[in-house]
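Worksheet: one structure, shown below.
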Amino acid sequence: MPQDSDRISREQLTAVAFVMLLSPMFRRIPGQLADLAGRASWVSVPLAAIPLLGLLFLYAAVSHRLDGKSGESLVLEALGRLPGRVFLGLLALWLVFYCGFLLCSSADRLLTTVFPNSRPGFFILSLLAVCHIAVLGELRTLARSAMVFRPVLVLVLAFVFALAVPEIDTDALFPVWSHGPAPVLEGAL
């Protein structure tokens, strides 16, 4: 199959990245942010927008200069043939390990929340089968799916946030700087 037939637009790539990053953000970030910044965690979120805007500008600058090159070819050009292949091989090994970890942790989450007396093997295999079907498909199909899921996920998040707003205890939000600005900055990072 020609490589050009499975290309996606910048907007589709952004949608894929948005949907892909939601799971780790919801799983890890809120608890860590609250642990680091405490009462000032709500201040850390807008502060985190500053480096995020820098990354967005970097993404925009780099994406204009790609000229249809793949990520692999960019790594090979930047690092050279042998170091680039070593780096890509190590990255592939890490991704295989991380995918296995995500499969096991997702199956464990299903077990603890829905089926507490079950064994994880069935859930790992069923999640692996669903992921395998997605991986074997075309990139365009995944990108289109992400374009559909992105507004749905944003609406769900907005709905959950709207339901949480009446429960906000404004007395717990202040004083912000009781422990100094360091925890706020750590939370922003």
Side-chain angles (χ1 to χ4, degrees), residues 7-75 77-79 87-88 90-91 94-95 97-99 101-102 105-106 109 113 131 134 139-189:
R7 296 176 64 99
I8 62 174
S9 69
R10 184 177 306 142
E11 185 179 353
Q12 289 173 327
L13 177 63
T14 305
V16 169
F18 176 81
V19 172
M20 177 185 71
L21 291 173
L22 274 182
S23 177
M25 275 191 337
F26 289 143
R27 185 176 336 142
R28 304 290 308 171
I29 291 175
Q32 288 178 343
L33 179 60
D35 288 344
L36 286 172
R39 288 180 172 216
S41 59
W42 67 274
V43 178
S44 296
V45 174
L47 282 177
I50 296 168
L52 182 62
L53 286 174
L55 287 174
L56 287 174
F57 286 126
L58 179 65
Y59 169 73
V62 169
S63 65
H64 285 295
R65 296 183 181 149
L66 290 180
D67 296 329
K69 294 180 183 175
S70 67
E72 299 87 23
S73 63
L74 289 174
V75 169
E77 280 182 22
L79 299 179
F87 175 78
L88 290 173
L90 291 173
L91 181 63
W94 166 250
L95 289 174
F97 169 78
Y98 189 60
C99 287
F101 169 76
L102 287 178
S105 67
S106 298
R109 194 174 312 147
T113 58
C131 293
L139 180 61
R140 289 182 302 172
T141 307
L142 286 175
R144 289 181 189 140
S145 298
M147 293 289 289
V148 170
F149 288 136
R150 182 176 55 176
V152 172
L153 291 170
V154 168
L155 282 173
V156 168
L157 288 174
F159 181 69
V160 169
F161 183 72
L163 289 176
V165 167
E167 302 294 322
I168 293 176
D169 181 14
T170 55
D171 293 337
L173 299 177
F174 298 102
V176 174
W177 302 106
S178 62
H179 298 290
V184 176
L185 295 174
E186 285 182 57
L189 286 175

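In this text, all values refer to a predicted model and were calculated from it rather than measured experimentally.
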task = Output, in order, the C-alpha distance, side-chain angles, deciding distance and verdict of side-chain contact (heavy atoms from CB on, under 4.5 Å) for F161 and L157.
result = CA-CA 6 Å; F161 183 72; L157 288 174; over 6 Å; no

Ring pair (Phe, Tyr, Trp, His ring centres under 6.0 Å) partners of F159, counting only residues at least two apart = none

key: F18 CZ to L13 CG distance, which is reported to the nearest 0.5 Å   = 14.0 Å

key: Sequence-distant partners of V148, side chain to side chain contact (heavy atoms under 4.5 Å, CB included), two or more places apart   = none

query = Residues in side-chain hydrogen bond (donor to acceptor under 3.5 Å, both in side chains) with S145, at least two apart?
reply = none

Spacing of CG belonging to L95 relative to CG belonging to L90, to within rounding of 0.5 Å = 11.0 Å

ask   = In Å, rounded to the nearest 0.5 Å, how long is the span from OG of S9 to CZ of R144?
value = 10.0 Å

request  = State, with a plain yes or no, whether a side-chain heavy atom of R150 is found less than 4.5 Å away from one of T14.
outcome  = yes

Under the side-chain hydrogen bond (donor to acceptor under 3.5 Å, both in side chains) test, residues paired with E11 that sit two or more places apart = none

request  = Give me the ring orientation class for Y98 and W94: parallel if the planes are under 30° apart, tilted from 30 to 60°, perpendicular past 60°.
outcome  = parallel

message = By the salt bridge (Lys or Arg N to Asp or Glu O under 4.0 Å) test, which pairs, at least two apart or in different chains, include something from residues 154-168?
response = none

task = Return the minimal non-hydrogen interatomic distance between L142 and V16, and the atom names on each side.
result = O-CG2, 4.3 Å

